[in-house]
Amino acid sequence: MFKPKVPQKEIKYEELRIYTDEELRNPTDEEMKNFKIKHDIPLLEQLESGPWPSYVADLKVEAWRRRRLADDRMMIPRDVVEDLLGQVELSFVHGETHWKHGGIVGVIGYGGGVIGRYSDLPDKFPGIAHFHTIRVNQPASKFYKTDFLRAICDLWEFRGSGILNLHGSTGDLVFLGTTTEQLEPIFQEMAHHLSQDLGGSGSNLRTPECCVGRARCEYACYDTQDVCYELTMHYQDELHRPAFPYKFKFKFSGCPNDCVASIARADLSVIGIWRDKIRIDQDAVRAYIKGDLIPNAGAHRGRDWGKFDIQKEVIDLCPTKCMRLEGEELYIDDENCVRCMHCINVMPRALRPGTDTGACILVGGKAPILEGAQLSMVLVPFMKLEPPYDNLKELIDKIWEIWMEEGKNRERLGELIQRMGLWRFLDAIGLPPAPQMVWHPRTNPYIFWKEEDVPGGFKRDINDYRSRHAR
Ligand code: HEM
Ligand code: SF4
Ligand code: SF4
């Protein structure tokens, strides 16, 4: 059960409604057929065909809705959506963007959260002369109630374009397109009436994100939502006021399936894991073998893959070959299991993660710029995760201390570790090296030694050497 960390005031959603249902209703097919936006968009209109939900069709509906609203029912131009479609059409023609470079806007007290943006054709498309994006910190795992979403949508229709991105790749609920004047009112409305804060942008802690975790998944090895929420609240200052050499992201997955792709998209990836044995229900194993239970919970039902063959589909695919069948008993040599999740994924009714659970902490994930893409690498093979997660906070604080001090301007943590070398980084945060940190030992012999570890040190006298070895 979710327990907020700060006192929550009751949100009176009904009083927050701005529009009536009639004002926001959807058009009939007939009404849409007769509706034409102010620009010709033949290229975009091709994207209304086909089975996938069309963003062009959706934007047209929104344009239709704004045409119907009374003049005093919108704080930014009525035709913001139509001008957006017009400019995108032109970008399709030119094969070029028509947004100006950069844009620095925000709200008082914060150094991030809003991405400023201006059209480079403001005379042609005045409705999007300003088209700023606001990042709104989403609830962990993105569970919503409709009355919250209605209140958010009303506010955004009134003070913005009505266009949302559900959600940004980092996790935020994204408001797409408003003017500078509306930023502060939107922020104040959200903070005072919806207990809703902005997300992160800039050289700071970005909005943390987690998988669905214990809310709806049997594999979750820790409460991803609770950690995500706790750390978001604990590091509010780092999130709202950029103090870092560059951006920094947290992501939390409950197991190695890594449903938020934390290993690829976070500087700090927290991935659930267990230390004890996989729990085996032998009756359920037999039910899978017999065909009474469907492998992978039916994920491959779209095609006939033949009768389930536990040897072929599980045992032979185990990456460490640590499973075996004796009669109809399944054995796992857990010492050699690398917790890849494969067997559990195939037979979720028979196999479960152990009960001594926690997380593996990995660091350094990033996209290619500058020094090449990196997946996060193991820093702490196993850490218990229990509220208030002081052990994790302590590790994060140490990482930040060294990165904030040593990191070059716009150097991600992964690049700092490459530049310093893992051993210096481990030294700096006081962690001992562990074999789990490397895929294989180094192949080259360019090994640095610390002077104190070398008998006699590094200061040598050449004459002493010559006394034994003549020139
Ligand atoms: C007056 C005598 C020598 C001179 C002027 C000399 C000069 C150099 C220079 C300029 C390099 C390139 C260094 C670099 O990569 O930046 C080099 C590399 C090398 N030298 Fe010499 N060298 C001499 C004698 C020797 C001797 C006697 C040996 C072996 C017994 C040797 C073995 C090597 C090796 C193995 C490398 C490659 C090192 C690497 O891979 O980085 N050199 N030498
Ligand atoms: S990462 Fe693991 S725990 Fe989280 S939702 Fe995916 S399968 Fe479940
Ligand atoms: S989790 Fe992976 S490594 Fe472990 S027993 Fe199952 S298949 Fe093998």
Side-chain angles (χ1 to χ4, degrees), residues 2 138-143 167 169 171 208-229 231 249-266 268-282 284-285 288-289 293 295-299 308-326 329-362 365 375-376 378 381-385 436 439:
F2 171 73
Q138 83 288 2
S141 308
K142 312 185 180 100
F143 284 94
H167 294 75
S169 313
E209 188 186 26
C210 60
C211 76
V212 73
R214 288 200 174 147
R216 301 202 60 166
C217 181
E218 296 97 329
Y219 301 162
C221 293
Y222 69 95
D223 191 339
T224 54
Q225 295 173 301
D226 193 55
V227 186
C228 185
Y229 178 69
L231 294 199
K249 298 179 181 176
F250 295 161
K251 280 188 168 54
F252 307 92
S253 280
C255 82
N257 284 331
D258 198 7
C259 293
V260 285
S262 68
I263 198 164
R265 307 192 302 142
L268 185 100
S269 320
V270 180
I271 299 183
I273 204 82
W274 64 96
R275 277 189 297 199
D276 52 346
K277 291 171 180 302
I278 291 179
R279 288 174 283 169
I280 309 178
D281 174 346
Q282 298 291 356
V285 172
Y288 276 107
I289 294 171
L293 292 171
N296 290 85
F308 174 61
D309 180 342
I310 191 170
Q311 186 68 37
K312 199 172 106 200
E313 292 172 47
V314 182
I315 296 172
D316 290 352
L317 293 181
C318 169
T320 59
K321 302 281 181 282
C322 70
M323 310 180 84
R324 68 180 197 281
L325 209 54
E326 280 178 18
E329 291 277 289
L330 184 68
Y331 288 91
I332 298 177
D333 170 14
D334 290 88
E335 294 260 302
N336 286 306
C337 162
V338 291
R339 283 76 173 148
C340 77
M341 293 300 292
H342 177 71
C343 58
I344 299 174
N345 287 336
V346 177
M347 305 193 293
R349 300 276 295 274
L351 303 177
R352 296 158 76 192
T355 51
D356 183 10
T357 57
C360 176
I361 317 294
L362 306 92
L375 297 178
S376 288
V378 174
F382 186 89
M383 183 184 266
K384 275 282 182 194
L385 282 182
Q436 290 95 331
W439 189 243

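Atoms within each ligand, like the ligands themselves, are counted from 1 in listed order.
Within a 6.0 Å radius of CD in Glu335, no more than 12 heavy atoms belonging to other residues, nucleotides or ligands are found. Taking a 6.0 Å sphere around CZ of Arg352, one finds it holds 12 or fewer heavy atoms contributed by other residues, nucleotides or ligands.
Protein heavy atom in closest approach to atom 2 (Fe) of ligand 2: Cys255 SG, 2.3 Å. Residue, atom and distance of the protein heavy atom nearest to atom 8 (Fe) of ligand 3 are Cys318 SG, 2.3 Å. Here the heavy atom of the protein found nearest to atom 1 (S) of ligand 2 is Cys259 N, 3.2 Å. Regarding atom 4 (Fe) of ligand 2, its nearest protein heavy-atom neighbour is Cys211 SG, 2.2 Å. For atom 3 (S) of ligand 3, the nearest protein heavy atom (residue, atom name, distance) is Val338 N, 3.4 Å.
Residue Met323 approaches ligand 3 through these ligand atoms, each under 4.0 Å from one of its heavy atoms: 5 (S). Every atom of ligand 3 is numbered from 1 in the order shown, and the set under 4.0 Å from a heavy atom of Cys322 is 5 (S), 8 (Fe). The atoms of ligand 2 that sit less than 4.0 Å from any heavy atom of Tyr219 are 3 (S), 7 (S). Atoms of ligand 3 lying under 4.0 Å from at least one heavy atom of Cys343, given by number and element, are 1 (S), 5 (S), 6 (Fe), 7 (S). For ligand 2 and Val212, the ligand atoms under 4.0 Å from any heavy atom of the residue are 5 (S). Less than 4.0 angstrom separates some heavy atom of Asn257 from each of these atoms of ligand 2: 7 (S). Interface atoms of ligand 2 facing Gly254, defined by a heavy-atom separation under 4.0 Å, are 1 (S), 3 (S), 4 (Fe). Those atoms of ligand 2 that come under 4.0 Å of a heavy atom in Ala220, given as number and element, are 3 (S).
Rounding to the nearest 0.5 angstrom, the gap separating the CG atom in Asn257 from the SG atom in Cys217 is 7.5 Å. A distance of 16.0 Å separates OH in Tyr219 from OG1 in Thr357, rounded to the nearest 0.5 Å. In this structure, the separation between CG on Asn296 and CE on Met347 is 10.0 Å, given to the nearest 0.5 Å.
In plain terms, the two heavy atoms of Pro256 and Ile271 that are nearest each other are CA-CG2, 3.6 Å. A pairwise comparison of heavy atoms in Ser262 and Ser269 identifies O-OG, 2.7 Å as the closest pair.
With a 4.0 Å heavy-atom cut-off, ligand 2 is reached by the backbone of Asp258 but not by any atom from C-beta on. The part of Met341 lying near ligand 3 is the backbone, judged by heavy-atom distances below 4.0 Å. When non-hydrogen atoms are compared, ligand 2 lies under 4.0 Å from the side chain of Cys217 (C-beta onward) but not from its backbone.
No salt bridge links Lys249 with Glu209; every basic N to acidic carboxylate O contact stays at or beyond 4.0 Å. Looking at Asp223 and Arg214, no side-chain N of the basic residue comes within less than 4.0 Å of a carboxylate O on the acidic one, giving no salt bridge. A salt bridge between Lys251 and Asp258 is absent, with no side-chain N of the basic residue lying under 4.0 Å from a carboxylate O of the acidic one.
Closest heavy-atom approach to atom 7 (S) of ligand 3 among the candidates Cys340, Cys337, Pro353: Cys340.
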Full working for side chain to side chain contact (heavy atoms under 4.5 Å, CB included) between Tyr331 and Leu325: CA-CA 6 Å; Tyr331 288 91; Leu325 209 54; over 6 Å; no
